[in-house]
Amino acid sequence: MSPPTPPVIVWFRHDLRLGDNPALIRATQTNRPVLPVYIWSPEEEGEWAQGAAKRWWTHQALAKLSEALESKGSTLVIRKGPALKVLRAVAKETGAQMICWNRRWEPAAIARDSEVKKQLRSDGLEVESFNGCLLKEPPEVKNKQGKPFQVFTPMWKSAYDGWHPEAPWPAPRTLKPVANWPKSEKLETLKLLPKISWDQTMLKAWKHGEGAALDFAERFGRDASGNYLEGRNIPSTFGTSKLSPYLASGEISPRQAWHAVLESAGLQPGSQLPPGVEHFFKELGWREFAYHLLFHFPHTPTRPLRADYERFPWKVDDKALKSWEKGLTGYPMVDAGMRELWATGWMHNRVRMIVASFLVKDLIQNWLNGARWFWDTLVDADLGSNTLGWQWSGGCGADAAPYFRVFNPIGQGEKFDPSGSYVRQYVPELAKLPNEYIHRPWEAPPLILAAAGVKLGKDYPMPIVSHEKARAEALAALATIRKEKE
Ligand SMILES: Cc1cc2nc3c(=O)[nH]c(=O)nc-3n(C[C@H](O)[C@H](O)[C@H](O)COP(=O)(O)OP(=O)(O)OC[C@H]3O[C@@H](n4cnc5c(N)ncnc54)[C@H](O)[C@@H]3O)c2cc1C
């Protein structure tokens, strides 16, 4: 009897799907058995190892990936430990000669993957890596001088405008099974779920797996993309795709998202794009821009891109920070956002900008405190987009909102949540207040507060800072670093 054909290892990472997965496709093209492996090695991710909400998401996504693999006659082999050690061990146990994966672009992952590739090749193994996470990878995109972009619009115009990604690959119909499956950890042994039952509301908020991701994309394309230009700013409506956690875990590729939205909006590749769909593609472009910056400026997750902001006189105020984290600032729009985050692991983009501006400019807290809290509580936590979002809000990054542009949490609430539906949903203690006072309860006359059953300072806090005073203080703080620069 001839010995069993050695398998090709596919190392799953931020690409927890079977459709449009170039590493998996490559493995199937060899006609050899395919050995899917997932390695849990948070110590290799450094400071930005997955936070609590993301771990919860990963657990659900891995469960779905396992099911999907089983349905193709395959099995997900789960291991813990340093990636190189695990891959060497699995290759030795199974006789695998080839390993494929899709590239990641976080600084720690780049360093680890380069070393793993080098070592495995020196062991004599064949290693191939692919683009499975982005429309275009950072080294592909350069300005006319061959330099990285620091502003979104020129990058979009130069590399993406009028460009269409190729159609995504379908999932393989079957996967050749391995003759002797190596042993696998049980998913539960990774201990990704929270110890307290904090995930109950998140379980209600989300569905998991690549089927669910495609459903989200199609529903958005069909029902919401036409009104995206307006709808994307209204947090109480179904105005955005909610694809971010699926993109972050790779349950959907950006190319799949692009094509699913295009088709479900009734469009053909190459057809004239309605403004909503065009804008949605641009938002996918912001995700690309985020990775472009992360790759070219790898220090930015912890340090501002604009070096002069290193000297910004941030306040240290743990009490204020805790009030912000818990959604108890006394500003209803900010509190609704922070509570949506806690309840669902996600927050609407408009509200992310409002709460971030409040932390950085009203509470004068270092943006990194916000980035870390988001990192732990977002199911879509993504090092590129989180860094970009916080540095943008902090006024210290590429394409940043100038620091002097301070969001007014009351005005933003009145503009983007005029009927207070969003606030009523997440700050139920204010639910009975009339629209006029829903974003400024401290101005409501005592009779109105009493009729709404609100005792300010007891049921709901008074504002922890005065927005106008804080604004002036923030601008004065900015002036200090400007002066030092002159
Ligand atoms: C302070 C701050 C922190 C953020 N942290 C993250 C994060 O950790 N992970 C994350 O995925 N996004 C982050 N964002 C970006 C944005 O808020 C989310 O991507 C968006 O809200 C996701 O909702 P959606 O999928 O419905 O978006 P849609 O409006 O449907 O957009 C489609 C996709 O485009 C991408 N996208 C949209 N807006 C942005 C943006 N501003 N920057 C980068 N990509 C974008 C996302 O992948 C999104 O899923 C952050 C924004 C801010 C202001």
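Model, not experiment: these values are computed from the prediction. Atoms within a ligand are numbered from 1 in the order they appear, just like the ligands themselves.
Nearest protein heavy-atom contact of atom 32 (C) of ligand 1 is Phe280 CE1, 3.4 Å. In this structure, atom 19 (O) of ligand 1 lies nearest to the protein heavy atom Ser244 CB, 4.0 Å. Of the protein's non-hydrogen atoms, Leu284 CD2, 3.9 Å is the one closest to atom 33 (C) of ligand 1. Nearest to atom 52 (C) of ligand 1 among the protein's heavy atoms is Gly389 CA, 3.7 Å. For atom 6 (C) of ligand 1, the nearest non-hydrogen atom of the protein is Arg352 NH1, 3.3 Å. Atom 9 (N) of ligand 1 has its closest protein heavy atom at Asp380 O, 2.9 Å. Nearest to atom 40 (C) of ligand 1 among the protein's heavy atoms is Trp286 CB, 3.9 Å. In terms of protein heavy-atom proximity, atom 12 (N) of ligand 1 is closest to Ser385 CB, 3.4 Å.
Those atoms of ligand 1 with a heavy atom of Arg287 less than 4.0 angstrom away are 43 (C), 44 (N), 47 (O). Set against the non-hydrogen atoms of Leu247, the atoms of ligand 1 under 4.0 Å away are 47 (O), 49 (O). Numbered from 1 in the order shown, with element, the atoms of ligand 1 that lie under 4.0 Å from a heavy atom of Leu378 read 5 (N), 7 (C), 8 (O). Annotation for ligand 1: atoms under 4.0 Å from non-hydrogen atoms of Ala381 are 8 (O). Ligand-side atoms of ligand 1 in range of Lys242: 24 (P), 25 (O), 26 (O), range being under 4.0 angstrom from any heavy atom. Close approach to Trp390 involves these atoms of ligand 1, each under 4.0 Å from a residue heavy atom: 1 (C), 3 (C).
Atoms CD and CZ, on Glu128 and Arg26 in that order, are 4.5 Å from each other to the nearest 0.5 Å. Asn349 CG to Ile354 CD1: the interatomic distance, rounded to the nearest 0.5 Å, is 10.0 Å. Going from atom CG of Asp215 over to atom CD of Glu210 covers 11.5 Å, rounded to the nearest 0.5 Å. Put simply, CG on Asp113 and CZ on Arg104 are 7.0 Å apart, with the number rounded to the nearest 0.5 Å.
Looking at ligand 1, you'll find an N or O of Asn349 within less than 3.5 Å of one of its N or O atoms. Annotation: Ser241 places an N or O atom under 3.5 Å from an N or O atom of ligand 1; distance criterion only. Some N or O of Asn386 is nearer than 3.5 Å to an N or O of ligand 1, by distance alone. Ligand 1 has a nitrogen or oxygen under 3.5 angstrom from a nitrogen or oxygen of Leu243. Considering both main-chain and side-chain atoms, Asp382 comes within under 3.5 Å of ligand 1 through a nitrogen or oxygen pair.
Using the six-membered ring where Trp is involved, His299 and Phe297 have ring planes that are perpendicular, over 60° apart on the 30 and 60° scheme. Taking the six-membered ring where tryptophan is involved, the planes of Phe289 and His292 are essentially parallel, since the angle between them stays under 30° and well short of 60°. In this structure, His348 and Trp346 have perpendicular ring planes: the angle between them is above 60°, well past the 30° mark.
Of all the listed residues (Val355, Thr240, Ile354), Thr240 holds the heavy atom that lies closest to atom 26 (O) of ligand 1. Around atom 35 (C) of ligand 1, the closest heavy atom drawn from Gln391, Arg232, Glu283 belongs to Glu283. Residue nearest to atom 31 (O) of ligand 1, selected from Trp367, Tyr228, Phe152: Tyr228 (by heavy-atom distance).
Under a 4.0 Å heavy-atom criterion, Tyr246 is not in contact with ligand 1. By the 4.0 Å heavy-atom criterion, Ala248 is excluded from the residues contacting ligand 1.
The distance between the ring centers of Trp105 and Phe295 falls below 6.0 angstrom. For Trp57 and Tyr246, the ring centers sit closer than 6.0 Å to each other. If you look at Trp442 and Tyr331, their ring centroids are closer than 6.0 Å. Under the 6.0 Å cut-off for aromatic ring centres, Trp390 and Phe374 qualify, their centroids lying closer than that. The aromatic ring centres of Tyr426 and Tyr422 sit less than 6.0 Å apart. The aromatic ring centres of Trp198 and Trp342 sit less than 6.0 Å apart.
Counting heavy atoms under 4.0 Å from ligand 1, residue Trp346 touches it through the side chain alone. Contact annotation: for Phe220 versus ligand 1, there are no heavy atoms closer than 4.0 Å. Heavy atoms of Phe289 found under 4.0 angstrom from ligand 1: none, in either backbone or side chain. Under 4.0 Å from ligand 1, not a single heavy atom of Trp375 appears.
Applying the side-chain contact (heavy atoms from CB on, under 4.5 Å) test between Tyr38 and each of Leu16, Leu187, Val10 identifies Leu16 as the sole match.
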Table please: side-chain donor-acceptor pairs of residues 258-280 below 3.5 Å, with sequence neighbours left out.
residue: His259; atom: NE2; partner: Pro165; partner atom: O; Å: 2.8
residue: His259; atom: NE2; partner: Glu166; partner atom: O; Å: 3.2
residue: Ser264; atom: OG; partner: Glu218; partner atom: O; Å: 3.3
residue: Ser264; atom: OG; partner: Ala260; partner atom: O; Å: 2.6
residue: Ser264; atom: OG; partner: Val261; partner atom: O; Å: 3.4
residue: Ser271; atom: OG; partner: Gln268; partner atom: N; Å: 3.2
residue: Ser271; atom: OG; partner: Gln268; partner atom: O; Å: 2.6
residue: His279; atom: NE2; partner: Glu283; partner atom: OE2; Å: 3.2

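Not one N or O on the side chain of Asp417 forms a donor-acceptor pair closer than 3.5 Å with the backbone of Met333.
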